[in-house]
Amino acid sequence: MTKMAPELPIEVDSETGVWTTDALPMLYVPRHFFINNHVAVEEALGAEKYAEILYDAGYKSAWHWCEKEAELHGLSGVAVFEHYMTRLSQRGWGRFITEQIDLEEGTAQVRLEHSAFVYQLGKVGRKIEYMFTGWFAGAMDQILSARGSELRTVAEQVQSAAEEGHDHGLFVVKPQ
């Protein structure tokens, strides 16, 4: 393993201790802390209900993030989606690779390698990265809206490295 310094800009306010990246406040927590809390909520609500809640919250958050980042960096179209995948990858969630994207059709396919969820939970025999699905649809829809398109999308996880026979996760974005 080769180690490197973070590739994303991190600023820490010396008075408040607030971490900021690209003008957005951030939290820095251990992976096990986050995932243990995630699993506890999933056990309390059930995976299906929790996935619904996370989808909607993630969708809104991704839309907001892409809107702010596009404005800050002067990005548009596919460049916004790619920037989002890069930043997600740089934050330790895993490596997100855009395998396919077509803004005219409202489709994308994202490969997830080195999932933080799989690293923490292992081969549990089910899709466990459903938290990300709303992120991809929210990002795609913000980009489409900025282009003047009324097309809206949904995203789903079609495989996970936590399932037997798979070594990576895969997400598909398609029109509603």
Side-chain angles (χ1 to χ4, degrees), residues 1-14 16-39 51 54-55 57-103 107-122 127-144 146 153 155-162 166-173:
M1 169 184 4
T2 304
K3 296 192 178 198
M4 60 187 217
E7 296 178 90
L8 64 166
I10 300 169
E11 296 175 351
V12 181
D13 185 302
S14 61
T16 65
V18 172
W19 288 50
T20 306
T21 295
D22 292 331
L24 292 173
M26 307 296 286
L27 298 174
Y28 183 62
V29 300
R31 179 174 63 204
H32 75 271
F33 173 83
F34 178 86
I35 293 178
N36 286 342
N37 279 276
H38 175 86
V39 169
L54 288 176
Y55 189 98
Y59 180 98
K60 289 176 192 172
S61 295
W63 183 298
H64 176 78
W65 190 92
C66 288
E67 188 173 56
K68 296 299 179 193
E69 284 294 288
E71 183 181 314
L72 179 68
H73 298 291
L75 302 172
S76 64
V78 172
V80 177
F81 198 86
E82 290 296 343
H83 179 61
Y84 190 42
M85 295 304 107
T86 297
R87 284 295 197 244
L88 291 175
S89 297
Q90 291 170 334
R91 290 189 181 134
W93 294 108
R95 292 282 179 198
F96 295 87
I97 301 151
T98 306
E99 291 191 331
Q100 178 275 327
I101 186 166
D102 184 330
L103 299 180
T107 62
Q109 187 167 302
V110 178
R111 177 185 183 105
L112 172 58
E113 299 176 350
H114 306 287
S115 164
F117 285 93
V118 175
Y119 279 168
Q120 189 69 31
L121 301 174
K127 296 169 188 68
I128 57 175
E129 298 98 349
Y130 53 82
M131 177 178 170
F132 304 139
T133 55
W135 299 6
F136 303 134
M140 177 66 88
D141 288 359
Q142 188 283 322
I143 294 162
L144 292 171
T153 64
E156 68 175 314
Q157 183 175 17
V158 295
Q159 76 180 44
S160 171
H166 297 294
D167 65 353
H168 65 276
L170 191 61
F171 299 83
V172 173
V173 180

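This structure is a prediction, so every number in the text was calculated from the model and none was measured.
Within the 4.5 Å cutoff, no side-chain heavy atoms of T133 are placed close to those of M131. By the 4.5 Å heavy-atom criterion applied to side chains, V80 and Q142 are counted as neighbours. In this structure, L170 and Q109 have side chains that are in contact, with non-hydrogen atoms separated by less than 4.5 Å. You'll find the side chain of L103 reaches within 4.5 Å of the side chain of V78, heavy atoms only. With a 4.5 Å cut-off on side-chain heavy atoms, W19 and I10 count as touching. Here the side chains of T20 and V18 are in contact, with some heavy-atom distance below 4.5 Å.
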Which pairs of donor and acceptor atoms, one on a side chain in residues 111-119, lie under 3.5 Å apart (sequence neighbours left out)?
from: R111; atom 1: NE; to: E113; atom 2: OE2; distance (Å): 2.6
from: R111; atom 1: NH1; to: E99; atom 2: OE2; distance (Å): 3.4
from: R111; atom 1: NH1; to: H168; atom 2: NE2; distance (Å): 3.3
from: R111; atom 1: NH2; to: E113; atom 2: OE2; distance (Å): 3.4
from: R111; atom 1: NH2; to: H168; atom 2: ND1; distance (Å): 3.2
from: H114; atom 1: ND1; to: Y119; atom 2: OH; distance (Å): 2.6
from: S115; atom 1: OG; to: F117; atom 2: N; distance (Å): 3.1
from: S115; atom 1: OG; to: V118; atom 2: N; distance (Å): 3.2
from: S115; atom 1: OG; to: E129; atom 2: OE2; distance (Å): 2.9

Could you list the donor-acceptor pairs under 3.5 angstrom formed by side chains in residues 25-36, with sequence neighbours left out?
from: N36; atom 1: ND2; to: H32; atom 2: O; distance (Å): 3.1

Tabulate below the donor-acceptor pairs under 3.5 Å that side-chain atoms of residues 62-75 make, not counting sequence neighbours, or state none.
from: E69; atom 1: OE1; to: H73; atom 2: NE2; distance (Å): 3.1
from: E69; atom 1: OE1; to: H83; atom 2: NE2; distance (Å): 2.6

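Exactly one of V110, T107, V173 qualifies for a side chain to side chain contact (heavy atoms under 4.5 Å, CB included) with Q100. That residue is T107. If you run ring-ring contact (aromatic ring centres under 6.0 Å, His included) between W135 and each of F81, Y55, W93, Y59, only W93 comes through.
Atom CZ of F132 and atom NZ of K127 lie 15.0 Å apart (nearest 0.5 Å). Rounded to the nearest 0.5 Å, atoms CG (D141) and CZ (F136) are 13.5 Å apart. Atom OG1 of T86 is separated from atom CZ of R91 by 11.0 Å, given to the nearest 0.5 angstrom.
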Please report the C-alpha distance between T21 and E11 in whole Å, then the side-chain angles of each, then the deciding distance to 0.1 Å, and finally whether the side-chain contact (heavy atoms from CB on, under 4.5 Å) criterion is met.
CA-CA 6 Å; T21 295; E11 296 175 351; over 6 Å; no
From CA spacing to verdict: side-chain contact (heavy atoms from CB on, under 4.5 Å), L121, V39
CA-CA 10 Å; L121 301 174; V39 169; 4.1 Å; yes
side-chain contact (heavy atoms from CB on, under 4.5 Å) assessment of M85 paired with I97:
CA-CA 7 Å; M85 295 304 107; I97 301 151; over 6 Å; no
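Checked by atom type and distance alone, the side chain of Q157 pairs as donor or acceptor with a backbone atom of Q159 at under 3.5 Å. S89 places a side-chain N or O within donor-acceptor distance of the main-chain N or O of F96, the cut-off being under 3.5 Å.
Between D167 and A161 the shortest heavy-atom distance is C-CB, 3.7 Å.
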